[in-house]
Q: 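Take this structure first; my questions come after.
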Amino acid sequence: MPVLARSTLPNAITVGRILLAPIVGILLFVPTFTARIIAWLLFLAAAFSDLWDGHLARKHGWISDFGKLVDPIADKLLLASTFIPFYILSHGDDPHGWLVAIGALPLWIMIVIFAREILITVIRSFAARAGTVIPAGKSGKLKAVFQNIFVGTAIFWLALNSAALDLGWYGTPTWAYWSWFHGAVFVITLAIAVFLTVYSLFVYLWEWRRLMRES
């Protein structure tokens with residue numbers, strides 16, 4: 001493969017992640033195990049591709065301004081394509097959409113997560129106009145990792161919950177134990193993801209301030 005083609009591979013992976021995001025969101029609204037397990041598998045492909053393209057870019061020096069700007073957009077689109085369905089489904093009357101342990105996703109969590117993303121997008125836009133590209137930092141990447149773990153846990157729950165409702169697993173000891181375990185992982189990863197969302201925002205604001213002062 002030519003060097004030019006290889007160097008564009010991370011960007012191609014990012015574009016592929018953008019294309020997968022709406023498909024995942026649409027499948028989540030189909031209250032069947034099959035549709036939601038496909039959504040889970042597609043989400044895993046998108047989430048791991050984020051790690052892969054970042055690894056390729058850093059290892060081979062294939063870092064571009066396009067990647068710095070578009071990669072966060074892909075992350076935000078995948079975030080919106082999952083959290084928005086979670087909120088809508090969990091606040092509905094259909095138990096196929098209820099989340100383990102918490103039932104409905106609280107509005108304040110949605111506000112924290114999306115306010116952070118909107119604020120950083122605005123700052124990144126102003127910085128880009130000033131000729132400065134602010135890449136995602138380590139705290140931002142760690143935040144994305146735990147958000148992805150939480151989202152994967154939530155999608156897998158929705159898939160299993162649909163199967164449990166259709167097959168009559170509710171009320172059995174095995175399902176009770178699994179619900180407790182799944183709920184613990186769900187709550188812990190959500191709490192860590194929310195904390196890192198706030199923490200990474202302050203880190204990003206500090207980095208933006210430093211770069212603006214230097215420029």
Side-chain angles (χ1 to χ4, degrees), residues 14 17-18 20-22 24-25 28 39-40 42-44 46-55 58 67-91 97-128 132-158 182-212:
T14 299
R17 193 159 70 254
I18 290 175
L20 282 179
V24 172
L28 288 176
W40 182 67
L42 293 178
F43 173 79
L44 290 183
F48 280 111
S49 73
D50 185 26
L51 299 176
W52 186 34
D53 69 357
H55 168 73
R58 290 188 298 270
K68 291 179 182 179
L69 291 173
V70 177
D71 188 69
I73 293 175
D75 293 339
K76 290 174 177 56
L77 183 57
L78 190 62
L79 192 70
S81 296
T82 51
F83 269 86
I84 292 176
F86 291 161
Y87 183 81
I88 295 173
L89 289 168
S90 66
H91 284 266
W98 296 346
L99 298 172
V100 66
I102 63 174
L105 188 65
L107 179 60
W108 70 266
I109 291 180
M110 296 286 289
I111 293 174
V112 167
I113 288 175
F114 285 103
R116 184 259 187 204
E117 300 304 328
I118 292 172
L119 180 58
I120 286 185
T121 299
V122 172
I123 292 173
R124 182 175 281 119
S125 177
F126 279 117
T132 302
V133 176
I134 309 176
K138 292 183 179 179
S139 61
K141 285 294 184 182
L142 188 60
K143 176 269 304 179
V145 168
F146 274 95
Q147 281 184 346
N148 286 339
I149 294 174
F150 164 74
V151 170
T153 302
I155 296 176
F156 194 55
W157 165 261
L158 289 177
H182 205 124
V185 175
F186 179 95
V187 170
I188 291 171
T189 55
L190 176 59
I192 295 174
V194 171
F195 169 78
L196 289 174
T197 295
V198 177
Y199 173 74
S200 64
L201 172 61
F202 284 105
V203 172
Y204 192 90
L205 291 174
W206 182 266
E207 181 66 10
W208 174 58
R209 177 174 176 269
R210 183 186 67 82
L211 290 175
M212 290 297 99

Q: For residues 106-122, which residue pairs qualify under salt bridge (charged side-chain N to carboxylate O under 4.0 Å, His left out), counting only residues two or more places apart or in two chains?
A: Lys76-Glu117, Glu117-Lys143
Q: Out of curiosity, Thr121 OG1 to Ile73 CD1, how far, rounded to the nearest 0.5 Å?
A: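 The CD1 atom of Ile73 is 7.5 Å from OG1 of Thr121, to the nearest 0.5 Å.
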Q: Calculate, to the nearest 0.5 Å, the distance between atoms CG and CD1 belonging to Leu190 and Ile113 respectively.
A: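 Reported value, rounded in 0.5 Å steps: 7.0 Å.
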Q: Does Phe43 have its ring centroid less than 6.0 Å away from the ring centroid of Phe156?
A: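 For Phe43 and Phe156, the ring centres are not under 6.0 Å apart.
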Q: List the steps and the verdict of side chain to side chain contact (heavy atoms under 4.5 Å, CB included) for Val151 and Phe86.
A: CA-CA 9 Å; Val151 170; Phe86 291 161; 4.0 Å; yes
Q: With rounding to the nearest 0.5 Å, note down the distance linking OG1 in Thr153 to CG in Asn148.
A: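 Going from the OG1 atom of Thr153 to the CG atom of Asn148 covers 10.5 Å.
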Q: Counting the benzene-type ring for Trp, do His91 and Tyr87 have ring centres under 6.0 Å apart?
A: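 Yes, the ring of His91 comes within the 6.0 Å limit of the ring of Tyr87, centre to centre.
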Q: How long is the gap from OG1 on Thr189 to CZ on Phe150, to the nearest 0.5 Å?
A: 6.0 Å
Q: With heavy-atom distances below 4.5 Å as the criterion, would you say the side chains of Val185 and Trp157 are in contact?
A: no
Q: Applying side-chain contact (heavy atoms from CB on, under 4.5 Å), name anything that partners Ala80, two or more places apart in sequence or on another chain.
A: Ile84, Phe114
Q: Closest heavy-atom contact between Ala21 and Ser81?
A: O-CB, 3.2 Å
Q: Do you know the tightest heavy-atom contact between Ala46 and Leu78?
A: CB-CD2, 3.9 Å
Q: To the closest 0.5 Å, what do you measure between CG (Leu28) and CD1 (Ile155)?
A: 5.0 Å
Q: Measure across Ala74 and Thr14 and return the closest heavy-atom pair with its distance rounded to 0.1 Å.
A: CB-CG2, 3.8 Å
Q: Under 3.5 Å, side chain of His182 to main-chain N/O of Ala101, donor-acceptor pair present?
A: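 Not a single qualifying donor-acceptor pair exists.
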Q: Indicate the atoms forming the closest heavy-atom contact of Phe186 with Ala154, along with that distance.
A: CE1-CB, 3.8 Å
Q: Leu201 and side-chain contact (heavy atoms from CB on, under 4.5 Å): which single residue from Val198, Leu205, Val203 fits?
A: Leu205
Q: What distance do Ile123 atom CD1 and Tyr204 atom OH have between them, rounded to the nearest 0.5 Å?
A: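 Going from CD1 on Ile123 over to OH on Tyr204, the span is 6.5 Å.
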Q: Set out, in order, the CA-CA distance, both residues' side-chain angles and the distance that settles side chain to side chain contact (heavy atoms under 4.5 Å, CB included) for Leu77 and Arg17, then state yes or no.
A: CA-CA 9 Å; Leu77 183 57; Arg17 193 159 70 254; over 6 Å; no
Q: Quick one: list whatever passes side-chain hydrogen bond (donor to acceptor under 3.5 Å, both in side chains) with Ser139, sequence neighbours left out.
A: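 Ser139: no side-chain hydrogen bond (donor to acceptor under 3.5 Å, both in side chains) contacts found.
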Q: Has the side chain of Ser90 got a donor or acceptor atom that lies under 3.5 Å from a matching backbone atom of Leu105?
A: yes
Q: Taking the inter-plane angle between the rings of Phe195 and Tyr199 on a 0 to 90° scale, is it parallel (under 30°), tilted (30 to 60°) or perpendicular (over 60°)?
A: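 Plane angle under 30°, so parallel.
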